[in-house]
Amino acid sequence: MTEEDKSHLAILLPTATVALFSRDQETVEAFQSLESDWRFARVALEVHDGDVETATAKYRSSQTPELLIVQTEDIDSGFTDKLETLGEHCAETTSAIVIGPDNDVNLYRKLVGMGVSDYLVRPIAPPALADDIAETLIEQMGASGSRLIAFMGAKGGVGTTSLVEAVAWNLSTDLKQKTFLLDAAGGWSTLSVGMNFEPSTTIVEAARAASDGDEDSLSRMIHKAHEKLYILSSGGDVMLDDPVDEDRYEALLDYLMALYPVVLVDLSAAPAQLKRLALTKAQRTMLVTSPLLPAVRATRTLLHEIKQLRGDTETSVDIILNMKGIAPKHEVPKTQIKAALEQPISATIDFDPALFVSTESESKKLHLQKGGEVAITELMGPIMDILDIQKAPAAEEKKSVKGVSGLLDKLKSKS
Ligand SMILES: Nc1ncnc2c1ncn2[C@@H]1O[C@H](COP(=O)(O)OP(=O)(O)OP(=O)(O)O)[C@@H](O)[C@H]1O
Ligand SMILES: [Mg+2]
């Protein structure tokens, strides 16, 4: 497999339990090292000193986890018989991986025929084990760890599209998250300008293709802006046409969320029914506002309406205060904004027309512009919290992880 083929594995894995039955110290250590892999933050890793029979004895009386890994030294028919007995005690939804001593194609085929997800040969390097477990869990449970983050302006023109574009670039390039960006504005969309693509479709057509399950057409409507950044190539709608049907738009969101771990939806200039739909489905909303009185008032009203709509007891909204300094003498002070909204401001971005207007009109990436790093660091704070990626390995750390596993491989090849 190439690195690119594995990009779908670079997501926060769904909540699951993985149990290993092994007596091999090296396998146990490789398995335990996954605790420090950010993707496994929601995966419980259980180690049991034992084999296929120990597992059978345990699951005679208790529920099986999402994934069972059994190591064996013995790969004759005695083992497959025991594995079959274990299978009788497993829940339908449990997947299994077997680790054995030799590369044996016939055994591999037999195990796969029995419903085993994979057969691995010891010793297994931690990265390979991590990828194999991730692949199995994603296949079994779907990428239900997918996060939908909605960006909405408290009023028009407060910078919602500029900010969601900046987040999309940063998430997909710096943080290496497979990200999908779409909007709901139909012909009013400005995404194609900031993200530099020619709209090849309309929201109406894309939503129809999703609700008809027409994956071929949908795949042609997706613009790949970067190895990990995908954008719905819409915006060709007639501006004065009626908006898309909300059930169909929901089918589109569902389709995308099954495939992309992070979906960003820009709700600026979208009709109210699509805003309502996306706000209800989103894990979190970035509500963009400005320090001017009309925007602050609208923010207060919207916070209340979003809470009512979702039935939230706690806020599901981050307030992004954009364009601070646009008119210093006429702005509502930050302390008063906080008091009026009864919640903290998650990020504050200064008014900087030279930076923002050139970024937009020349389709640049905000985080690569002089002066853009400050804004992007501020903006990414709440996003990283939502996605739980604050522990994602930075480029340097990644290098050192590779270095260690490379060293382990070298050591192993000497032994
Ligand atoms: N912090 C900022 N400082 C200066 N200009 C900004 C800032 N943020 C955004 N802008 C500029 O403000 C204008 C409006 O931004 P943008 O189109 O992103 O807003 P919007 O809220 O999506 O608008 P709409 O409601 O029309 O969809 C753009 O020209 C953008 O470059
Ligand atoms: Mg916009």
Side-chain angles (χ1 to χ4, degrees), residues 149-170 181-197 199 203 231-237 239-240 243-244 264-276 278-279 282 285-292 294-299 301-302 317-328 330-332 334 337 345-383:
I149 307 180
F151 284 70
M152 187 171 74
K155 64 188 284 300
V158 289
T160 308
T161 302
S162 310
L163 298 187
V164 76
E165 289 171 353
V167 168
W169 276 123
N170 195 259
L181 169 64
L182 79 162
D183 71 5
W188 299 82
S189 172
T190 57
L191 267 189
S192 60
V193 179
M195 300 306 286
N196 194 24
F197 65 90
I203 284 276
I231 307 174
L232 186 70
S233 180
S234 62
D237 312 58
M239 290 180 83
L240 299 177
V244 61
L264 306 177
V265 58
D266 172 9
L267 298 176
S268 63
Q273 62 268 44
L274 297 189
K275 282 183 175 149
R276 236 178 6 246
L279 290 170
T285 294
M286 301 286 120
L287 184 53
V288 183
T289 190
S290 86
L292 302 180
V296 178
R297 282 229 178 122
T299 309
T301 308
L302 273 167
V317 176
D318 277 291
I319 306 289
I320 311 295
L321 180 63
N322 191 24
M323 303 187 175
K324 182 168 180 296
I326 187 171
H330 307 282
E331 290 176 13
V332 184
K334 220 169 140 176
I337 300 178
I345 291 162
S346 301
T348 305
I349 319 270
D350 287 339
F351 182 63
D352 187 343
L355 172 65
F356 277 86
V357 177
S358 72
T359 300
E360 177 189 46
S361 50
E362 292 163 39
S363 307
K364 291 180 181 163
K365 303 177 182 89
L366 186 72
H367 67 289
L368 299 182
Q369 304 306 305
K370 195 162 171 275
E373 324 84 53
V374 181
I376 200 73
T377 307
E378 180 74 8
L379 188 56
M380 292 311 290
I383 304 285

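Indexing begins at 1, ligand by ligand and atom by atom, following the structure's order. Keep in mind it's a predicted model, so treat the numbers as computed, not measured. Starting from 1, each residue takes its place in the sequence as its number.
Closest to atom 2 (C) of ligand 1, if we only count protein heavy atoms, is F356 CD1, 3.3 Å. Protein heavy atom in closest approach to atom 27 (O) of ligand 1: S268 OG, 3.0 Å. Counting protein heavy atoms only, atom 3 (N) of ligand 1 is closest to D352 N, 2.9 Å. At the shortest separation from atom 30 (C) of ligand 1 among protein heavy atoms lies S162 OG, 3.5 Å. Distance from atom 8 (N) of ligand 1 to its nearest protein heavy atom, with residue and atom name: N322 ND2, 3.0 Å.
Of all atoms in ligand 1, numbered sequentially from 1 with element shown, those under 4.0 Å from a heavy atom of G156 are 25 (O). Within ligand 1, the atoms closer than 4.0 Å to a non-hydrogen atom of T160 are 18 (O), 19 (O), 20 (P), 21 (O), 22 (O), numbered from 1 in the order shown. In summary, the atoms of ligand 1 found under 4.0 Å from a heavy atom of D350, numbered by their order in the structure, are 1 (N), 2 (C), 3 (N). Atoms of ligand 1 found under 4.0 Å from any heavy atom of E360 (numbered from 1 in listed order, with element): 17 (O), 28 (C), 29 (O), 30 (C), 31 (O). Ligand-side atoms of ligand 1 in range of P353: 4 (C), range being under 4.0 angstrom from any heavy atom.
Within the 4.5 Å cutoff, side-chain heavy atoms of L267 are placed close to those of L279.
The residue from G157, A375, A269, S290 that puts a heavy atom closest to atom 25 (O) of ligand 1 is G157. Within the set A354, A270, G159, the minimum heavy-atom distance to atom 15 (O) of ligand 1 is found for G159. The residue from M323, K324, K155 that puts a heavy atom closest to atom 12 (O) of ligand 1 is M323.
Expressed to the nearest 0.5 Å, how far CD of E331 lies from CG of L292 amounts to 6.0 Å.
For the 3.5 Å distance criterion, the side chains of T160 and S268 fail to qualify, holding no donor opposite an acceptor.
Residue L163 places no N or O, backbone or side chain, under 3.5 Å from any N or O of ligand 1.
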